[in-house]
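Lettering of chains follows the sequences in order, A, B, ..., and the numbering in each one begins at 1.
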Number of protein chains: 2
Amino acid sequence: MHRVRRSNPLALAVMVTLAEGPRHPYEIAQTLKRRHHDESIRLNFGSLYSVVNVLERAGLIAAEGVERDQRRPERTVYALTPAGHDEADDWLGELLATPAKEYLQFEAALTMVGAVAPGRVVDLLGDRIVALDAEIAGGAARLALLVGRHELPRLFVLEAEYQQALLVAEVAFVRALVAEITAGTFPGLAQWQAWHDGRSTAVHPPIPVSAPRRTP
Amino acid sequence: MHRVRRSNPLALAVMVTLAEGPRHPYEIAQTLKRRHHDESIRLNFGSLYSVVNVLERAGLIAAEGVERDQRRPERTVYALTPAGHDEADDWLGELLATPAKEYLQFEAALTMVGAVAPGRVVDLLGDRIVALDAEIAGGAARLALLVGRHELPRLFVLEAEYQQALLVAEVAFVRALVAEITAGTFPGLAQWQAWHDGRSTAVHPPIPVSAPRRTP
DNA sequence: CGTCGAATACTCGGTTGCGAATATTCACCA
DNA sequence: TGGTGAATATTCGCAACCGAGTATTCGACG
């Protein structure tokens with residue numbers, strides 16, 4: 001009956017889905033997939049069932065009983081409790097109101113980009129630009145199809161619009177960076193290049209410098 | 001000696017750091033923190049030591065021996081192997097060239113935003129805008145300080161610039177959304193509102209619609 | 001001169017997360 | 001008719017992850 005850690009958004013998605021009515025876990029997964037929420041929330045069966053267990057132990061959802069739909073495996077149906085309702089409401093509010101620190105793979109890669117020679121970086125980022133453009137085009141087409149034909153109200157594609165906005169910003173950033181490097185106007189390019197001219201190996205260290213630290 | 005899963009970028013950061021020369025794990029952590037890489041890569045001691053173990057078993061790094069710096073706890077010093085060098089090079093290239101699917105908390109929240117009444121959404125997102133503006137201002141000031149005073153070459157703040165670009169895009173997206181809702185021009189706003197007028201509870205279900213699925 | 005906090009260096013234990021396996025039934029096609 | 005593959009519904013076990021704990025020493029301060 002103790003507090004549940006607000007780490008895995010799948011737990012929130014389970015509660016919000018159960019707010020529509022009692023479901024068994026497999027059915028929750030079906031619903032999320034039908035709505036493409038599995039593209040925005042990490043969903044796999046192992047995690048789903050373990051998350052459901054945690055929620056049950058915390059009293060946020062409760063098993064309504066075990067059904068057996070004649071000739072189908074038996075299944076446990078869960079319902080949202082009042083406590084679960086409050087928790088979902090509060091958690092969702094927090095996610096919307098407070099920006100969370102995210103650790104992005106590309107951001108991580110950028111911290112180590114000095115370990116790759118500038119020429120190779122230009123090539124690699126060129127590939128990324130192509131891939132990003134393709135993703136953006138695909139996403140835009142999909143959005144136009146769904147909303148344009150009124151298959152889905154805009155309310156239910158906001159997450160896709162958000163993704164598009166981030167992708168557009170990323171490709172602009174990468175394009176600008178590549179442009180600076182190829183034009184030779186990127187500050188410190190000479191040292192960066194020189195460092196790599198000295199060695200045959202590609203992976204190498206950036207120069208460490210200490211700097212004031214912001215409060216987390 | 002088997003392959004290592006490319007899930008945790010900390011493993012890559014360890015290898016790239018070791019490319020500068022042999023270090024013991026605690027020293028790797030110090031280095032990453034001094035360079036603020038811990039703001040872009042999830043770093044804590046538990047994960048660090050387990051990641052080091054995995055890398056060693058995979059033959060990507062090797063223990064050089066156990067030192068004891070008189071009156072200090074003993075420590076194991078590791079070095080990057082040639083195989084580790086290749087792996088780091090390849091992994092880093094992949095991260096730079098190929099956009100990875102990221103599961104963002106705010107994106108997850110947007111999939112469930114229909115469960116919150118429009119008026120409350122406007123309030124919550126208003127808070128987010130304030131917080132985002134503050135983060136952007138803080139980040140810009142920090143960048144100006146570091147690069148403007150030539151404390152750090154731009155090469156070593158690219159990840160911060162990338163973060164800024166994403167934050168700016170996000171706040172623009174949220175602002176536009178809030179504007180549409182408050183202006184009443186958001187399509188489907190009436191139904192959204194009506195749904196919530198019907199019930200006292202805040203968490204509720206969005207309308208499910210099936211739609212064509214893109215290939216992952 | 002004592003002690004309190006920060007730094008050093010690592011270990012440990014418990015949860016979480018994930019992929020694969022399981023077992024059954026249905027739908028379809030040859 | 002029988003065989004293949006998809007759908008249904010869940011369990012399992014391991015690997016990863018994280019936070020807290022441990023033990024020591026150094027430096028600062030009163």
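- Looking at A/Gln105 and B/Glu102, their side chains never bring a donor and an acceptor atom within 3.5 Å of each other.
- With rounding to whole Å, A/Phe45 atom CZ is found 18 Å from D/dG13 atom C1'.
- With axes fitted over five pairs at each extremity, the angle between the ends of the helix from C/dC1-D/dG30 to C/dA30-D/dT1 is 10° (10° resolution).
- A straight line from NZ of A/Lys101 to C1' of D/dC18 spans 17 Å, rounded to a whole angstrom.
- Checked by atom type, the side-chain pair A/Ser40/A/Glu159 shows no donor-acceptor distance below 3.5 Å.
- Side chains of B/Tyr103 and A/Glu39: no donor on one and acceptor on the other come within 3.5 Å.
- The closest donor-acceptor contact from the side chain of B/Trp192 to the backbone of B/Val116 lies under 3.5 Å.
- Side chains of B/Asn53 and B/Ser50: a donor-acceptor N/O pair is absent below 3.5 angstrom, by distance only.
- In this structure, B/Glu27 places its CD atom 10 Å from P of C/dT8, rounding to the nearest Å.
- Aromatic ring pairs are classed by plane angle as parallel below 30°, tilted from 30° to 60° and perpendicular above 60°; the pair B/Tyr26 and B/Phe45 is parallel.
- We find that CD of B/Gln30 is positioned 13 Å from C1' of C/dC10, with the value rounded to whole Å.
- Counting to the nearest Å, the P atom of D/dG19 and the CG atom of B/Asp38 are 13 Å from each other.
- For A/Tyr49 and D/dT11, the shortest distance from a side-chain N or O to OP1 or OP2 is not below 4.0 Å.
- The nearest whole Å value for the distance from the CZ atom in B/Arg75 to the P atom in D/dT24 is 17 Å.
- What separates OH of B/Tyr103 from P of C/dT16 is a distance of 20 Å, to the nearest Å.
- Of the side-chain N and O atoms in B/Tyr26, none sit less than 4.0 angstrom from OP1 or OP2 of C/dC10.
- Under the 3.5 Å distance criterion, the side-chain polar atoms of B/His196 are matched with a main-chain donor or acceptor of B/Gly114.
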Using a cutoff of under 3.5 Å, can you pull out all pairs of nitrogen or oxygen atoms linking the protein to nucleotides 14-17 of chain D, with atom names and distances?
| residue | atom | partner | partner atom | Å |
| --- | --- | --- | --- | --- |
| D/dC17 | OP2 | B/Asn8 | ND2 | 3.2 |

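- In this structure, B/His24 reaches the C/dC10 phosphate: one of its side-chain N or O atoms is under 4.0 Å from OP1 or OP2.
- With A/Thr111 contributing its side chain and B/His37 its backbone, the two residues share no donor-acceptor pair below 3.5 Å.
- One atom, CG of A/Leu48, and another, P of C/dT16, lie 15 Å apart when rounded to the nearest Å.
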